[in-house]
Amino acid sequence: MSEKATPLWEVFIRSRTGMAHRHVGSVHAADPEMALQAARDVYTRRGEGLSVWVVPSSAIVASDPDEKGMMFEPTGTKIYRHPTFYEIPDEVGNM
Amino acid sequence: MYTQALNTVDTASTVEDAEREAAFQGRIDAEEKIEPNDWMPEAYRKTLVRQISQHAHSEIVGMLPEGNWITRAPTLKRKAALLAKVQDEGGHGLYLYSAAETLGVSREELTEQLLSGKAKYSSIFNYPTLTWADIGAIGWLVDGAAIMNQIPLCRCSFGPYSRAMIRICKEESFHQRQGYELLLTMCRSSEEQKAMVQDALNRWWWPSLMMFGPSDKDSLHSAQSMAWKIKRFTNDELRQKFVDATVPQAHFLGLTIPDEDLKLNEETGHWEYGEIDWSEFARVLKGDGPCNRQRMKARRKAHAEGGWVREAALAYAEKRAARRAAKSAAA
Amino acid sequence: MKDQLFAYVLRLADDAAILGQRLGEWCGHAPTLEEDIGLANIGLDYIGQARALYTYAGEIEGKGRDEDQLCFLRHEREFSNCLLVEQPNGDFAETIAREFFFAAFMLPFWTRLKASRDETLAAIAAKAEKEAAYHLRHSAEWVIRLGDGTGESHERMQDAVEALWIYTGELFEVDDTLATLIADGIAVDPEPIRTEWRETVARVLSEATLAIPEEGYAQTGGRSGIHTEHFGHLLSEMQYMQRAYPGLKW
């Protein structure tokens, strides 16, 4: 097919609840302003958002799934980072 | 909104790394989600691309029969609801195209597959919307059938498909309700309108049952798709669920289901229905339904007439980027 | 006074209803999927405005007519929308030009109507203002891209601007009905908006490398029910159900 591809953008929305921007999907658009309008029109039809980010999909750098072990497993054994690692007597109360 | 079990599975798996394949199946069995960059068997990828894109095409073609009534909706409230609903379908097509794109096919390629007639879409959209009651019947029956199909897809093993389906199901909850409420209003308003509703039911009932795809005994793909957790229930299971849910709703409206063999099996609690005309299903799917040609013509026309707009947007973006580059080079 | 207010609210309602109807025709046929969804959003804004305004008009009139009776059961000569909004969708450039000319007027219009002595109108204006702001942004961005895109798009956009230009003057028309309500602090005087409208149009068209048409003859008549020939067809489609099946609930 001869039609030139219109770039893909990833859409992030911050909802009313004050959470961080969250990835919601993607849109096609030729430039940033059009991408932002498309994101608003497509992903906030039900009052979902108070702020929209669009990012060219090509700008995203992702970790390699084959390196999952190297990237994420080493933290699995560092249980001392979690509060449950430390025993505090019940009498002390919430901590 | 509409999936139909049209797809066949590529069983001819090449000489793939048996160990990887076993590990992959292990992840699926453990209900882990498969993400786009993860290793996956080629047949899994192909099956998904085909199913997701067929689903997306169905949403897009599905805009046409209902869109046919936007300008003639009888009240402003109904006009707004219908426009919003048809717009949602466009949105659902968009989410699904995006999910398919994560597997390495572009929107342009997918569109080309639809317009060239290579790709299939749900047979239901090749039937005409003749009266306003058809809009209600589509919401109630067609969306109802779609929801039965789609809810299990929210748990599909492929992450992007499952996430798209969660969003779609959430948005679609109003579609079926608006359809049923529309019919209820008509049935309560006058005998003339009730007759229109009955006529719509007569025409949409059997095509709706066909939306679940061929009977299990003739279905090519169920076993592999079930093992991959792309599919969670068989066509016949879902069809039965739909019939059981819908028959009492029809009775509440005071309507008759156009099936002389329909009867409640007291023991099982299921409504048993008559034989589906599978030759009609095959014929419509192959291209000889009442509206196949018109639907494709409308899609091709919109695409062709929008070509200069898409080109202009890209040309402008390029020009502007060049201007900015020249400016910063000069600075 | 009541009659004038009824007529005024009806004009605004008709503008919104007719443009919403036109945008509804696009659904499923737009140049991109994203734009299909975008145009539907704008159409839904107008239908929403029409509903609020017709309902209010019905209350002012006090004869028990609701939004649907006003929209679907009046005749061609009773509709008082401006001629611009009833113009056919044409190609995408014409739809965008129509939207742009109208929104460039409606945004400053709603901003001023928020100060109306009529509280209902002021409240409707407060909501519509935000919608119009987006309609203007959306259409202006497209005017720029089509004007400064390819040779073909430039030509189509220029043609659209010229084809619709003749209907823009009507937006600033003041007749007796309007004059009375302006004097009373209820209606917005469109005259001061003219400068702002021209500036907006000049800025966007020049960024789009498009020529601004000369001031010329302004075709009017919509406010007194003298429409273009397209209008009867639009009504026959829009009103079909209520005409074919009178007096039923839907």
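Side chains included, hydrogens not; waters and symmetry mates left out as well; all remaining heavy atoms used. Chain naming here is simple, since letters A, B, ... match the order of the sequence lines and numbering starts at 1 in each. Since this is a predicted model, take the numbers as computed values, not measurements.
Heavy-atom pairs under 4.5 Å with chain B were tallied for C:Phe72, C:Phe92, C:Tyr240; the largest tally goes to C:Phe72. Annotation: maximal heavy-atom pairing with chain C below 4.5 Å, among B:Val309, B:Thr71, B:Ile70, occurs at B:Thr71. Note on B:Ala80, B:Ala317, B:Ala312: by heavy-atom pairs under 4.5 Å with chain C, the leading option is B:Ala312. When the candidates C:Gly28, C:Ala50, C:Ala17 are compared by the number of heavy-atom contacts under 4.5 Å with chain B, C:Gly28 comes out ahead. In terms of heavy-atom pairs under 4.5 Å with chain B, the best-connected choice from C:Leu39, C:Thr150, C:Leu44 is C:Leu44. Comparing C:Asn41, C:Asp36, C:Asp68, C:Leu23 by heavy-atom pairs within less than 4.5 Å of chain B, the highest count is held by C:Asp68. Between chain B and the residues C:Gly48, C:Ala40, C:Ala30, the most heavy-atom pairs under 4.5 angstrom are made by C:Ala40. Among B:Glu305, B:Glu318, B:Met196, the residue making the largest number of heavy-atom pairs under 4.5 Å with chain C is B:Met196. When each of B:Gly91, B:Ser189, B:Ala298 is checked for heavy-atom pairs under 4.5 Å with chain C, B:Ser189 comes out on top. With respect to chain C, the highest number of heavy-atom pairs below 4.5 Å among B:Pro74, B:Ala302, B:Gly136 belongs to B:Pro74. Highest contact tally toward chain B, considering only C:Gln242, C:Glu237, C:His29, is held by C:Glu237 [criterion: heavy-atom pairs under 4.5 Å].
Between C:Glu86 and C:Arg22 no salt bridge is recorded (no basic side-chain N to carboxylate O distance below 4.0 Å). Using a 4.0 Å cut-off between charged side-chain N and carboxylate O, C:Lys127 and C:Glu131 make a salt bridge. We find that C:Arg98 and C:Glu94 are not joined by a salt bridge, their nearest charged nitrogen and carboxylate oxygen being 4.0 Å or further apart. In summary, B:Arg203 and B:Asp199 engage in a salt bridge, as defined by a charged side-chain N under 4.0 Å from a carboxylate O. Checked for salt-bridge contact, C:Glu207 and C:Arg145 miss the test: no charged N lies under 4.0 Å from a carboxylate O. Here B:Arg320 does not pair with C:Asp148 in a salt bridge; the nearest charged N to carboxylate O distance is not below 4.0 Å. B:Glu181 has no carboxylate O lying under 4.0 Å from a charged side-chain N of B:Arg177, or vice versa, which leaves the two without a salt bridge.
Residue contact with chain C, scored on non-hydrogen atoms closer than 4.5 Å, involves the side chain of B:Leu64 exclusively. If you measure heavy-atom distances from B:Leu183 to chain C, you find no contacts under 4.5 Å at all. If you measure heavy-atom distances from B:Arg299 to chain C, the contacts under 4.5 Å come from the side chain alone. Looking at B:Thr75, the atoms closer than 4.5 Å to chain C (heavy atoms on both sides) sit in the backbone and in the side chain alike. Residue B:Ala304: no heavy atom, backbone or side chain, is found under 4.5 Å from chain C. Contacts between C:Arg156 and chain B at a heavy-atom distance below 4.5 Å involve the side chain alone, from C-beta outward. Heavy-atom distances place both the backbone and the side chain of B:Lys77 under 4.5 Å from chain C. Contacts of C:Ile37 with chain B are made by both backbone and side-chain atoms, with heavy-atom separations under 4.5 Å. With a 4.5 angstrom heavy-atom cutoff, B:Arg72 touches chain C via backbone and side-chain atoms both. Heavy atoms closer than 4.5 Å to chain B are found nowhere in C:Ala244, neither backbone nor side chain. When heavy atoms are compared at a cutoff of 4.5 Å, B:Gln193 approaches chain C solely by way of its side chain, counted from C-beta outward. For B:Glu192, the part lying under 4.5 angstrom from a heavy atom of chain C is the side chain only.
Side-chain atoms of C:Asp15 and C:Tyr46 form no donor-acceptor pair, as typed in the model, at a separation below 3.5 Å. B:His175 and B:Glu66 share no donor-acceptor pair across their side chains, judged by distance under 3.5 Å alone.
The neighbour count for B:Lys301 NZ, taken as heavy atoms of other residues, nucleotides or ligands under 6.0 Å away, does not exceed 12. The 12-atom threshold is exceeded at CZ of C:Arg74, counting heavy atoms of other residues, nucleotides or ligands nearer than 6.0 Å. Applying the 6.0 Å contact sphere to CZ of B:Arg188 captures no more than 12 heavy atoms from other residues, nucleotides or ligands.
For the atom pair CG (B:Leu201) and CG (B:Leu141), the distance works out to 6.0 Å, reported to the nearest 0.5 Å.
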